[in-house]
Each structure stands twice: as C-alpha cells, then as structure tokens.
Amino acid sequence: MTLKRLVLIFILTPIAVLLAVSALFSSWQEPQFQSRLELYQTNIALQAQAWQSENNSDNNLKAVQEAILGEQPLEGATKQYEEARQSVAANLDKVNNKLTQLRSQPEITPIPPKPLPDVPPTTKTSKQGQQQLQESLKQLQKLLAELDLRLGILQAQQGQTDTALKTWSELQQRSDINPEFGETAAVLSGLWSNPPRLLQNSQERIQKNLEGWFRSTALVQLYQLQQRQDALSAVKAAQQEAAAQAVIKLAVIGTIPTLAALTGLILLIFLVAQRLLKGKTSLLAQNADVPWSTPWDGETILQVFIVGFFFMGQIFVPLLLSLLPIPRPVGDVRLQAFYVLVSYLLVASGALLVLYFSLKRFFPLPEFWFRFRFQDNWFLWGLGGYCAALPIVVIVSLINQQLWQGQGGSNPLLQLALESQDGVALGIFFFTAAIAAPFFEEILFRGFLLPSLTRYLPVWGAIITSALLFAIAHLSLSEILPLTALGIVLGVVYTRSRNLLAPMLLHSLWNSGTLLSLFVLGSN
C-alpha cells in the first residue's frame, strides 16, 4: 500500500468522518428553519383573512381567499403559535441545561462550518461556548416574548380575553426579557381589559414591538378606544391593502406548487402503471440496470470527495478567506450574499480541479461519462422529475417534522434569503442557489459519484447511496431525510436520461421554487 493511500484512508478519511459527525450532532440542538418559515406563512394568512370584498368584481379573489385560508384561520394560527411557543420553551430548557453542563465541564470542541462556507473553522473553548449559548439564550427569550405578545392578541380576537390577559400577565412577570416587551404586554392588557386602560406611549410600543396583522389589530383596538376616527380609517385602509396583497401572495406560493405536485402525483401513477404493464420497455425501466464502465477504484472516489469536496469546502477555502484582508460582512446583506457566492465558487472550483486531476490519467473517459446533450429529451426529464419530486419530498418532510419536532438545524443561506428584501442580494442568492449549486453538485454527486458507485453496487444501490451522501453533505440532521428523497429522484432522472442537464434542471427548479417562496414570504 502506497503512502498516499495510507494517508487518504487512515488519516484524512477518519478526520473528515469525525468532523462531519461532529457537525451533524452540533445541528441537533439548532432550530429548524421550517418552523420559522411556517410562522411567516401563518402571519401572511392572518393578514389575508382580514380582507373584505367591496364590490362584485372581487368575487374571484374572495373565492381564492376562502380556498386558501379555510373556514377558521384564526384558530389555525393560534394552534400554530401555541406549537411554536412549546418548541421554543423546550429549546430554552435545553440551552439552559447545556449551559449548566458546559460551566461544570469545560472542554474544547471543534466546530466545522456549513457546506456553504460563511465562517472559517474555529476551535470553541468552554468560555466561548458559554458566550455562544448565552447569545442563543437571549434570542430564544426574545422570541418567546414575541410569541406571547402575538398569542395573546390571537386569543383576544377569538373572545378568549381572560386567557389573553393571563398570557400577557405571565409575560410581564418574567425577569429574563427586555423591559420593552413587558411594557408592550401591559399596553395590550390595558386595551383588552374591562374596563380598558390606556397607558402612556401605547401607540409607540405597539408600532415598535408588533408587526403585520398583530400591529394593525392592536392599533384598531387602540384607536377605537381613543375615538380617533381618522387614524382608525387610515389603519383599516392599510390593513385592507395589505390583506389583498397577502391573498395574492398565498395564491402564488400555494397554488403553483400544489398544481405542480398534483401533476407530479399523476405522473408517478402513470409511470408506475406503465412499469407494471410494459416491464422493461417502460420509461422507469430505461437504463435502470445498466452500470457505467468505471476505470478507477474506490481510492479515486475517496480522493475526490475527501480532498476535493470536504477539505476544500470545510478547511482550505474558509482558512484562505480568513487569512485574506477581507472584512467579514455583518450588517450589509449585499456583502453577505457576495461573500457566500465567492466562497461557494471557490469551493466548487477547487473540488472540480481535484476531480479533473484525479481523472485526467483515465482520459478519454468511456461513453456516458459527464454527458451533456442539448438535442435530447432532458428538459422533459428535468421538468417531470421536479413535479414528481414535489409530492414525494412533501410527504417525507411531514414525517421528518414529526421526528425532529423543530430541531436539527438548517442551511443558513435560507434564513438570509428569507429576511433579505434587497434586489441585488436576492439576485446573488438566486445565482448561487439556482445556477452555481445545481451545476457543481450535479457534476459531483450525479455525474461522478453515482456512476462510480456502480462499479461496486447495482444501479439502484448507487442511486440510494449517492442520495444519502448528498443529504449528509449539507450537515443538518433535519435535512437528511428530505434531501435523500430529493437525491433519489435526481439519481433516477439521471440514470434514465443519461444526461446531466436533466438533474441540473430539476435541481435548479427546486432551488428556484424555494427562493421564490422565501422572497414572497419575506416581503410581508
């Protein structure tokens, strides 16, 4: 055995596995992005339910409103907020317990970054760990206070005034919150008390600490008590305008994916039926059992992924960026987006260079390797695969949410995209997620890994294994099941079409749909 193989197998691979496992376990305590996304959608739904048609020409929009929101939107929103509050409270207890353990047992833990590098690898001491947990604690406490403020308004609007007053009273008694939240809770308690109490600076507190439907609902209650008809008319008009826009937003993010998912479900039924009736002549059976001719062995596979993908993305590029005299973007979302793009392009370029030099001695490659053909049916495979992936991943995601209960971490790029309403930043995010990522990841996982594994596994085994590694590479426990399901669809599309353009299109459509939903939700 050569020295190169010894270093690769017995040193670099164990280090990569250890760091990946450490990153996955560290994501265990992180909140899922999905939970925050659901609250954004709930807030838009609350705005939409306040919309009222003023003329007959709005009947179609009214029908859309009822179809999207259902019969009891307030009850559904209350349930969503109660579940979110329980999740945040549980996470708060976990952070408190972890903080207590860390104070009693100081240690050093390696913390690797996410696959989309935005921070260099660091070594976190016990003191630094305590500081990070303290910051998480403050964020959770703030979020819990915000949820209580909003939950009380939901309860009050459903006639549960005593419950709402209790919610706000408990919030005021907590010593771990910013005094502003306690003062806002006192303002809300006064507005819905019997008899009502109007506190000083009520309007300022409401406008500062509440948003969207919650703010307008509290302001309506305030202005009615103050008998300020002009202000009341203005806030109701603004509420109606925001509500009409919210109905359209929900239609965009709900109707289009629903229609695509329905199309995908019909397509899946058709393909399965065709497979049962036609057997090996069906579309699903096309190239199903035909492996690639792979001239390299497992050492080359390890070299590409351990050196090219993992060490390039997790160590070399972040270290390079940390050594360069480039200030870390903190407040400017455009700089953050550009930093993420540059980091990703450096990782992708480095990994593709390692891939090229690892395979160079095997040129010319056998047939079907890294195949790009524009005169082919790749577009239909990619579009059909996207529609078919939607119902599959949605079902898996529902199961996944029950398993993780709001924990397991998420890609930090999603949060940036959700909260950014800067057009330039969103354009950069779109290029990163919808163009750069599909191109790089499909070349690596479907173009190289999947065919290489057919040397040792049947085609279906290579599809599943490559999909699982694709999911693990994102280093978030909560994303493993959904991304594995998506990776399997990507693998099926590639093995049947034998054209990398097909999974690239599917991957791009998937990321584009996600970014579009985030943009619409974040614009609320």
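Owing to the predicted nature of the structure, the values given are computational and were not obtained by experimental measurement.
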| Check against ring pair (Phe, Tyr, Trp, His ring centres under 6.0 Å), Tyr81 and Phe214 | CA-CA 13 Å; Tyr81 266 86; Phe214 299 97; 5.5 Å; yes

[atom1] of [X] to [atom2] of [Y]: how many Å apart, nearest 0.5 Å?
| X | Y | atom1 | atom2 | result |
| --- | --- | --- | --- | --- |
| Leu154 | Lys79 | CG | NZ | 14.5 Å |
| Phe25 | Leu477 | CZ | CG | 7.5 Å |
| Lys98 | Asp93 | NZ | CG | 14.5 Å |

Can you tell me if [X] uses its side chain to pair, donor with acceptor, with the backbone of [Y] under 3.5 Å?
| X | Y | value |
| --- | --- | --- |
| Trp168 | Leu149 | yes |
| Arg334 | Ala425 | no |
| Ser202 | Leu198 | no |

| So which of Phe310, Phe445, Phe311 actually passes ring-ring contact (aromatic ring centres under 6.0 Å, His included) with Phe305? | Phe445

| Contacts of type side-chain contact (heavy atoms from CB on, under 4.5 Å), residue Leu516, not counting sequence neighbours | Val520

| said: I'd like to check the side-chain contact (heavy atoms from CB on, under 4.5 Å) partners of Asn201; sequence neighbours left out, ordered by chain and number. | reply: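 For Asn201 the side-chain contact (heavy atoms from CB on, under 4.5 Å) partners, ignoring immediate neighbours, are Glu204.
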
Do [X] and [Y] have side chains that approach each other closer than 4.5 Å (heavy atoms only, starting at C-beta)?
| X | Y | value |
| --- | --- | --- |
| Asn511 | Phe430 | no |
| Arg228 | Gln203 | yes |
| Arg174 | Asp148 | yes |
| Trp213 | Ile153 | yes |
| Leu268 | Ile392 | yes |

Quiz question: by atom type and distance under 3.5 Å, do the side chains of [X] and [Y] form a donor-acceptor pair?
| X | Y | result |
| --- | --- | --- |
| Gln229 | Ser233 | no |
| Gln155 | Thr167 | yes |
| Gln157 | Thr217 | no |

| query | Given the side-chain rings of Phe338 and Phe429, with only the six-membered ring counted for Trp, is the space between their centroids under 6.0 Å? | reply |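 No - the distance between ring centres of Phe338 and Phe429 does not fall below the 6.0 Å cut-off.
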
| request: Show your reasoning for whether side-chain hydrogen bond (donor to acceptor under 3.5 Å, both in side chains) applies to Gln80 and Arg85. | output: CA-CA 9 Å; Gln80 187 75 47; Arg85 191 196 184 284; over 6 Å; no

| task | Count the heavy atoms belonging to other residues, nucleotides or ligands that lie under 6.0 Å from CG of Asp230, then report whether that count exceeds 12. | result | no

